[in-house]
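Computed from a prediction, not measured in an experiment: that's the story for all the values here. Reminder, nothing fancy here: chain letters follow the sequence lines and each chain counts from 1.
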2 protein chains.
Amino acid sequence: MDKLAATSVFESLSSSVRLDVFRLLVKKGLDGMVAGEIATTLGVPPTNLSFHLKALTQARLLTVEQEGRYQRYRANIALMLDLIAYLTEECCSGNPQQCVDLRAASNCSASVLQPISTNSTKS
Amino acid sequence: MDKLAATSVFESLSSSVRLDVFRLLVKKGLDGMVAGEIATTLGVPPTNLSFHLKALTQARLLTVEQEGRYQRYRANIALMLDLIAYLTEECCSGNPQQCVDLRAASNCSASVLQPISTNSTKS
DNA sequence: ACGATAATACAATAATTGTTGAAATATTGC
DNA sequence: GCAATATTTCAACAATTATTGTATTATCGT
């Protein structure tokens, strides 16, 4: 992750429409959605949505896969995690206790960030 | 964290100057820096830096504290963690295994996100 | 092959954002 | 109080980004 990649990601998510698109696709996970579905769900004109999908894809926040005449988009969640790593690089000049204190001040409990447990989803 | 707060944060970090400022202050942790130090360190004209500091502060990514005639800025790391939570809300429609798989595809090892261990910093 | 549909590209315009220098405000040290 | 310093505000201009309608490309079903 270099600075240009990071600012591209932030720039992408700074638009209300693009943030809606990305969050919608994060929810959909590996299923993703085709462009038309996204446009209908969010109530955005196809032309305008296309503009924003292009921006998100160029920032690598979305992947596209052609499915006949449809384009299926998926969120690149790994990139988002890389971005977090970039942002917190050298956090507190490597003082872990300070980091822990800062973390305690947030409500972050994102499941994608929880420690991996090997038997939590076994049936 | 609502949508407006989230887009404000992303908008703030989408500028090269503002990203540099934020990352610099993340490194500094609780010490923070005064405006002039930041300007000198990054080689940004004070007038322009002030513009960007204002934007970052309005987005709540920075806090300001007056110190005589200096203004000391600090990164609001908790807000950033809240943002991560917001972004990954309902990730994979609550399918934890899919989340874990996606996570495995990233290089994220941010120390601020590591599980809290109670004795790692004892001397 | 043909009409219908999915999606993108293009062009024009509207709106927002970034940068700079000069002026203003506030605090310090003498 | 006064000169020096730290920072911000303001105004002007430059640059970038967003939105919309129309046109284009490609695929599907028959």
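Of all nucleotides listed (dA18(D), dT28(C), dA6(C)), dA6(C) comes nearest to the side chain of Arg69(A). With dA7(C), dT19(D), dG18(C) as the choices, the nucleotide that has an atom nearest any side-chain atom of Phe51(B) turns out to be dG18(C). Here the side chain of Glu11(A) is nearest to one of dT9(D), dT17(D), dT8(C), namely dT17(D). When distances are taken from the side chain of Leu53(A) to each of dT7(D), dT19(C), dT8(C), the shortest belongs to dT8(C).
Counting to the nearest Å, the P atom of dA18(D) and the CG atom of Leu13(A) are 12 Å from each other. As rounded to whole Å, 10 Å separates atom P of dG21(D) from atom CG of Asn48(A). Atom CD of Glu67(B) is separated from atom P of dA6(D) by 14 Å (rounded to the nearest Å). Rounded to an integer number of Å, the gap from Tyr70(B) OH to dT5(D) C1' is 7 Å. One atom, CG of Leu49(A), and another, P of dA18(D), lie 13 Å apart when rounded to the nearest Å. dA18(D) atom C1' lies 14 Å from atom NZ of Lys54(A), rounded to whole Å. Look at CD on Glu65(A): it is 19 Å from P on dA26(D), rounded to the nearest Å. In this structure, the CG atom of Leu62(B) is 11 Å from the P atom of dT8(D), given to the nearest Å.
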Could you give me the CA-CA distance, side-chain angles and deciding distance for Asn48(B) and His52(B), then say whether side chain to side chain contact (heavy atoms under 4.5 Å, CB included) is met? CA-CA 7 Å; Asn48(B) 192 18; His52(B) 290 300; 3.3 Å; yes
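Between His52(B) and dT19(C), a side-chain N or O to OP1/OP2 separation shorter than 4.0 Å is present. Using a 4.0 Å cut-off, some side-chain N or O of Tyr73(A) falls inside it from OP1 or OP2 of dT8(C).
With hydrogens and angles ignored, the 3.5 Å screen pairs a side-chain donor or acceptor of Arg23(A) with a backbone N or O of Tyr86(B). Using modelled atom types, no side-chain atom of Arg72(B) and backbone atom of Thr63(B) make a donor-acceptor pair closer than 3.5 Å. Of the possible polar contacts, one joining the Arg74(A) side chain to the Leu30(A) backbone as a donor-acceptor pair under 3.5 Å is found. Without hydrogens or angle criteria, Gln58(A) side chain to Arg60(A) main chain gives no donor-acceptor distance under 3.5 Å. At distances below 3.5 Å, at least one donor-acceptor pair connects side-chain atoms of Thr40(A) with backbone N or O atoms of Gly36(A). Of the possible donor and acceptor atoms, one in the side chain of Arg18(B) sits under 3.5 Å from a partner among the backbone N and O of Glu11(B).
Residue contacts shown for Arg18(B) are limited to sugar-phosphate atoms, with no base heavy atom under 4.0 Å away.
Using a 4.0 Å cut-off on heavy atoms, the residues of residues 36-47 of chain A that approach DNA chain D are Pro45(A), Thr47(A), listed by number.
Residue whose closest nucleotide on DNA chain D sits further toward the 5' end, between Val17(A) and Gln71(B): Gln71(B).
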